[in-house]
Amino acid sequence: MSARVATTCPYCGVGCGVLAGVDAAGVVSVAGDPSHGSNHGRLCVKGAALGETVDLEGRLLHPQLRGQHGQFQRTSWDEALGRVAEGFSRVIGEHGPDAVAFYVSGQLLTEDYYVVNKLAKGYVGTANIDTNSRLCMSSAVAGHKRAFGEDVVPGCYEDLELAELVVLVGSNTAWCHPVVFQRIAAAKESGARIVVIDPRFTATCESADLHLPIKPGTDVWLFNGLLAFLFRHGVMDTAFVQAHTQGLAPALSAAEGDASDPADVARLCGVQTADLLAFYRLFARHEKTVTLFSQGVNQSSSGTDKVNSIINCHLLTGRIGKPGAGPFSITGQPNAMGGREVGGLANMLAAHMDLHDATHREIVQSFWASPRMASQPGLKAVALFDAILEGRVKALWIMGTNPVVSLPDADRARHALEACELVVCSDIVERTDTNRHAHVLLPALGWGEKDGVVTSSERRLSRQRPFLPAPGEARADWRIVCDVARRMGFGQGFGFDTPHQIFVEHARLTAYRNHPPADDGLPAAQRLLNLEGLATLSPRDYAELAPVQWPVNPKGDGSRRLFSDGLFAHADGRARFVATPARAPMHAPDREYPLVLNTGRVRDHWHTMTRTGKSPRLAGHMSEPYIDMHPHDALHSGVREGELARVHSRWGAMVARVRHGGDMLAGNIFVPIHWNDQFASDARVGGVVNPVVDPVSGEPEFKHTPVRVEPFPVRWYGFAFGRRRLPASELSYWTLIRGERFLRYELAHRERPKDGGAWARAWLGVTDADADWLEYEDRNTGVYRAVHIQDDRIEACVFLSARPDLPSRHWLASLFAHERIGDADRAALLIGEPPGDGVDAGPVVCSCFGVGRNTLCEAIRKDGLDTPARITAALRAGGNCGSCVPELQRLIAESRVAPEA
Ligand SMILES: Nc1nc2c(c(=O)[nH]1)N[C@H]1C(S)=C(S)[C@@H](COP(=O)(O)OP(=O)(O)OC[C@H]3O[C@@H](n4cnc5c(=O)[nH]c(N)nc54)[C@H](O)[C@@H]3O)O[C@H]1N2
Ligand SMILES: Nc1nc2c(c(=O)[nH]1)N[C@H]1C(S)=C(S)[C@@H](COP(=O)(O)OP(=O)(O)OC[C@H]3O[C@@H](n4cnc5c(=O)[nH]c(N)nc54)[C@H](O)[C@@H]3O)O[C@H]1N2
Ligand code: SF4
Ligand SMILES: [Mo]
């Protein structure tokens, strides 16, 4: 084993420290870094499986150009960079700087983000650079700026441990920020209370003392009601409000105007009055309260108001900047926060300065010594793709994001790319739904190879360090940007040779003229974001930089909390209450589209699956896209659990399997965001989502689209396993996951094959008539199965049935691990059941140890395992990363209410 390198996890905004290394055989191993302040050695299941995602299969290793017939061809860097630089320069020359745009990502490192933002705003002279953070954090950014005067997360993770009450709003923390959730769960052990506000009953709710399943979109009513309640009951820090805030009266009158009687609020939010009051009283009683929020708040047409309605309650009670108290926007992506520091959004500048402020523009331009400066905000993500479709933007460079999957009204985004004169994509994988539309593909370095800084939810800068060689011809994103900039004639501003040089320039800019206006006549702009203590790092200091929370003072000390002194970033030093009159989501359900579509994440996948889709360990937990819905709605829609259904909206449609997870309120359905054309026939939920955005932040309403669900009729269901890819796209429905030594397909088709055997042989590509071939057919029940064996080893198999109840995939998967198939296995394959008393372990719950649901339920029942700890002692499940502990809790609870008949 080579020495382990200390780096940072590339997934969520928790920002866990990882120790990674490669052994002599090239096997990558990862472990949590015990010395890292974000995770103290813990990793969740995605972090723990990182080693399974860094192989080179499917990687984009060379620059490519798309030919006239749509096929991609390898090219040299020289040619590719020339195409990009010439293409952008030509469009700018002919149509002006606003005819080009950049669409970037919170997956980028701060150094990458810094140079692309500098190129767009200071050299091209356009603010048409937006990022997938628009889809993610922009409502929080806007809410922070309105309330505090600057985009600042005041608290830190430790506050969650110090709190007496943690309120989780629109956040499935247990699945999306698992290590932070473990810290919250530990706080609960020592007495903290947890309230979850979410229309779904999520894994996070397993640990909650109180769950308020509010009607989607009603958060502002809830928090306006809370503000009025607190004020009425005198739960107010009057001294704090008088000394440090402004605007209480209009905020209160807006809150009271909506609904001041808790019974009315409860009705509007669709919850029991007693539960609502229980929450209000808990909040009133606990000085040390942290309200943590994420996409159930941000991704809404009233997202910014939701954020401010929460912050209002913290300002009223003075619970901000104190140990164990504060509003806490938890960030999604690994470097969402770093992107905000460098001003990656279309309405920001750099180093927390504003595009609309002439003084700020002057400061940044003088620092960059740049030829020009964008003078007005650019296009936000959704509007940007509209502008492409309208022909106003003619060249687009996409870096580290997959908009054909992740934008709302995603089919429209795809049409926009089809219509765009020049589309450049920098990515680490070759095939994505977006890359298909590129004219130029640029191979970037990925996690484990790239080198730079990311910033977590608690403002902690942390190094990502390489421990793998650069594969193929891939290059760092910052280097690609600088190369193009130089070729566009901007050599002066982009002479960087190392990420260290970029980082210290960024740090210097955060400190530049960062003071109150002085008598020297020079423009000044005081900002909390200040990395002065990092501005003089030597290359070696940078290489060794230990995690540190900004602001960083000249001595290099970081800051755990901000606003402890009651001084905010508005010119008068006061925070603002914001009046947030509540309003319903833009599109209400109606007769044609009677259900509300909510979209979000599952535990073991990351976004568009380009990386987590490679890991067998992560594939088993949720192996197929699904539509979670209430049995009532299924009945009304004419669909059944386990069967396929189509979700339709005014914008598009998708197909997935119906499931009654027990999480949904009637009237609402949930579909995960991850599946796309690389992993399923028709499961891109982005195509269904309405393109409504929040009027302040421009963040899309991902959690609320009126839809209807209808049957997706098929004549047979099936699945197949193969050691190689199978021609699934011939079928009406397919999904793909990667197993340890196989690919697994779930299948369905409109037509029954006339001759199952002939079809199966052709489909599995078995041409040899003498092949070792097991086959069973029952025409009465529509059951067919065939297994191809080669040299006594199972090669492929396909199982079909007229109904969706098919044999255990788990059992079949296990056969692919065997070098020889025995006689008992052959017999079992023909019968279609595991041999002997081999029970089906069921769907994976604990991904680390591959422990299935049936195994767990059986053991819980038989051995009376009544705590997750006892399950771990007996079966190991839950004993590694702990991500499945909430599900273990649920299984225990379920087996209590439903003893075996
Ligand atoms: N496993 C995993 N973890 C991830 C990611 C991933 O892809 N996979 N992605 C990362 C990223 S980029 C992000 S942004 C975060 C997102 O993290 P989260 O915000 O926790 O995740 P989501 O599942 O998008 O949505 C959170 C919850 O909002 C609820 N919700 C929907 N509508 C409303 C509403 O009107 N009000 C309220 N109060 N709640 C509502 C949903 O039911 C859902 O449970 O996760 C990060 N972590
Ligand atoms: N319906 C619905 N849609 C949503 C959401 C939702 O809740 N519901 N959530 C939204 C949110 S919060 C987010 S953050 C977005 C995420 O959506 P996307 O940003 O589209 O998702 P990713 O799969 O993370 O895309 C990252 C891309 O960058 C590539 N990549 C990875 N590392 C690197 C690198 O170092 N350099 C380069 N150049 N490329 C790299 C990956 O291969 C992948 O193609 O989705 C949004 N879309
Ligand atoms: S919680 Fe999991 S995904 Fe998030 S940073 Fe930590 S290990 Fe990575
Ligand atoms: Mo996100």
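All of these numbers come straight from a predicted model, not from anything done at the bench. Indexing begins at 1, ligand by ligand and atom by atom, following the structure's order.
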| query | Within 45° of the axis and under 6.0 Å from the centre of the six-membered ring of Y593, does NZ or CZ of R650 qualify? | reply |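 Not satisfied by the 6.0 Å and 45° rule.
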
| Six-ring centre of F494, K118 cation under 6.0 angstrom, axis tolerance 45° |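 Yes, a cation-pi geometry.
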
| Taking C-beta and beyond as the side chain, do V440 and R83 meet within less than 4.5 Å on heavy atoms? |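 Yes, their side chains come closer than 4.5 Å.
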
Measure from [atom] to every heavy atom in [options] and give the option owning the shortest one.
atom: atom 42 (O) of ligand 2; options: D112, N298, D427; result: D427
atom: atom 15 (C) of ligand 2; options: P403, P443, P700, S406; result: S406
atom: atom 9 (N) of ligand 2; options: R601, Q295, M137; result: R601

Lys/Arg N to Asp/Glu carboxylate O, [X] vs [Y], below 4.0 Å:
X: K450; Y: D477; result: no
X: R684; Y: D411; result: yes
X: E52; Y: K46; result: no

Checking a contact table here: which protein heavy atom is nearest [atom], and how many Å away?
atom: atom 26 (C) of ligand 2; result: G400 O, 3.2 Å
atom: atom 22 (P) of ligand 2; result: H607 CB, 3.5 Å
atom: atom 2 (C) of ligand 2; result: F702 CD2, 3.1 Å
atom: atom 6 (Fe) of ligand 3; result: C16 SG, 2.3 Å
atom: atom 5 (C) of ligand 2; result: Q299 NE2, 3.5 Å
atom: atom 8 (Fe) of ligand 3; result: C9 SG, 2.3 Å
atom: atom 8 (N) of ligand 2; result: T599 OG1, 2.8 Å

Going by the atom numbers of ligand 2, which of them fall below 4.0 Å from some non-hydrogen atom of [X]?
X: C136; value: 12 (S), 14 (S)
X: Q333; value: 14 (S)
X: A444; value: 36 (N), 37 (C), 38 (N)
X: I428; value: 30 (N), 31 (C), 32 (N), 33 (C), 34 (C), 39 (N), 40 (C), 42 (O)
X: V689; value: 1 (N)
X: K703; value: 7 (O)
X: K450; value: 34 (C), 35 (O)

Without hydrogens or angle criteria, can the side chains of [X] and [Y] be said to hold a donor-acceptor pair below 3.5 Å?
X: Q678; Y: D433; answer: yes
X: N298; Y: S139; answer: no
X: Q464; Y: T7; answer: no

| query | Parallel under 30°, tilted from 30 to 60°, perpendicular over 60°: which one fits the rings of F328 and Y157? | reply |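 Correct class here is parallel.
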
| query | Y113 and F102: aromatic ring centres closer than 6.0 Å? | reply |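 No, the ring centres sit 6.0 Å or more apart.
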
| Is it true that L43 lies under 4.0 Å from ligand 3, counting heavy atoms only? |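 L43: in contact with ligand 3 (<4.0 Å).
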
| request: Please find out if atom 2 (Fe) of ligand 3 and some N, O or S atom of C44 are separated by less than 2.8 Å. | output: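 For C44, the answer is yes, given that an N, O or S atom comes within less than 2.8 Å of atom 2 (Fe) of ligand 3.
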
Below 3.5 angstrom, do we get any N/O pair linking [X] and ligand 2?
X: V685; result: no
X: T432; result: no
X: D477; result: yes
X: S105; result: no

| task | Examine C12 and say whether one of its N/O/S atoms is closer to atom 4 (Fe) of ligand 3 than 2.8 Å. | result |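 True for C12.
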
Structural part of [X] in contact with ligand 2, heavy atom criterion under 4.0 angstrom:
X: L445; answer: backbone
X: W447; answer: neither
X: T401; answer: both
X: N402; answer: both

| Of the options L379, L407, I388, I129, which is the one that meets Y103 in a side-chain contact (heavy atoms from CB on, under 4.5 Å)? |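 Only one option passes, and that is L407.
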
| query | If you round to the nearest 0.5 Å, how far is CG of L160 from CZ of F181? | reply |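 One finds 11.5 Å between CZ of F181 and CG of L160.
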
| request: Give, for atom CE of M337 and atom CE of M137, the distance between the pair rounded to the nearest 0.5 Å. | output: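 It comes to 7.5 Å.
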
Which atoms of ligand 3 sit under 4.0 Å from any heavy atom of [X]?
X: P178; value: 1 (S)
X: G15; value: 5 (S)
X: Y11; value: 3 (S)

| task | Test side chain to side chain donor-acceptor pair (under 3.5 Å) on T8 and S462 and set out the steps. | result | CA-CA 7 Å; T8 314; S462 186; 2.9 Å; yes

| task | Report the C-alpha distance between T204 and N172 in whole Å, list the side-chain angles of each, state the deciding distance to 0.1 Å, and finish with yes or no for side chain to side chain donor-acceptor pair (under 3.5 Å). | result | CA-CA 6 Å; T204 305; N172 186 7; 2.6 Å; yes

| message | side chain to side chain donor-acceptor pair (under 3.5 Å) for D694 and T304? Distances and angles first, verdict last. | response | CA-CA 7 Å; D694 177 83; T304 310; 2.8 Å; yes

